[in-house]
Amino acid sequence: MKFYPYCLVGQPVELSELLRGVDGREILQRAVGTLTAVLSEWDDKKVDLTRENVLRHDAVVRQVLEEVTPLPFRFGHLVTPDQLASYVDSKSETLQSKLQHLRNCVEMSVKIIWNREIDLAGPPPEAQPIQNAGKGAAFLMSKRAEIQAEASNSTEVAAIANWLKSETAGLVRDELVVLRPAERLVVSASFLVDRSVLWAYKKRTALFEKERSDLHFLTSGPWPPYSFSNNDLEFKTHLGVS
Amino acid sequence: MEFSPENPLSAEPEIDTSHAQEFAEELRRVGDTLPSRINVDPDSVEQGLAKLVLTLIEFIRRLLEKQAVKRMEGGDLSPEQIEELGLALMKLEEKLHDLKTQFGLSEEDLNLDLGPIGRLI
């Protein structure tokens, strides 16, 4: 027998008896070390990657989130009971510490599109012309222009990220900001926000569009704190499962 | 359940933007470029491995380009050396392009999601 895990919590939570998990399976809560795993029992069947199954996984984690902030697993893991116990035992302190860090929080997302064309051709090169420049030298000069443009974009995108961080400072417990200077979607940020200040956070982010007309914003949440639990990566590293 | 100061956690996540179409297109495009896991299906394992190996080669190729440009800017290369280095890197880029085509991969395919720290390239 295997388990399909949805998330880990400190204590058992109250869940609707009507709630069904991936593949329509029953939701169980099992003590694993010092934690409780919310899971379904599984046989040898594969986990089908379907829209319905992904939504069912999310529905389980979301219902737990309404009670308490869990350490969610991403969709699609299968483990044996021994593997799950080994994972929790070996990382007990880390997992407890993560739960403490996430306590009473939700994940909020901000994505930013740069409201302008990205100029990857960059400024004209300033270097001295190379004598008898052939194809090879021209190739390197064009690469130099690209690298300069990327560096310039990176500086501007870093400034956007710093602005975003300063705007949300004091309202977030933790943040993960990914910058993509070479793309239109230049910033993807995840913020860990305590539920007690969620209202203030939302009021703050609602003003972004007015303050920065050079940027387009997409704000979303509350989500389970997938970005801050990172269980998926650790799970694979520890167990080699997928 | 409505979102309010008294009830800060609504049952469903809210998504707020004045540019829905634009974000939908960008997120779809970014989603398409994120590498899925290496599929161990016998029919596609070759392409999955090619994608991983070519991504690493592409990463190293870009590092080599940056190093070459630094050396060129530093003035420690003669015009002949710049020409030779440029030609070598140009051929490497062409060769990688051929390999991508051979395995049916696009430029956007050659990347790795490194989780919380972003993407490799």
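In what follows, every heavy atom counts, from backbone to side chain, and hydrogens, waters and symmetry copies are set aside. In the text below, chain A, chain B and the rest are named by the order of the sequence lines, each starting its count at 1.
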For chain B, the option from A:F228, A:W223, A:F217, A:F208 that forms the most heavy-atom pairs under 4.5 Å: A:F217

Parallel, tilted or perpendicular: rings of A:F75 and A:H57 (30°, 60°): perpendicular

Chain A contacts, top residue of B:D16, B:T17, B:I15 (heavy-atom pairs, under 4.5 Å): B:D16

Heavy-atom pair count under 4.5 Å with chain A, highest-scoring of B:E73, B:K70, B:K91: B:E73

A:L49 versus chain B, the contacting section by heavy-atom distance below 4.5 Å: neither

side-chain hydrogen bond (donor to acceptor under 3.5 Å, both in side chains) evaluation trace for A:E209 with B:H19: CA-CA 11 Å; A:E209 197 90 34; B:H19 312 277; 2.8 Å; yes

Pair A:N53-A:D48, side-chain donor/acceptor within less than 3.5 Å: no

Sidechain N-carboxylate O distance under 4.0 Å for B:E22, A:R184: yes

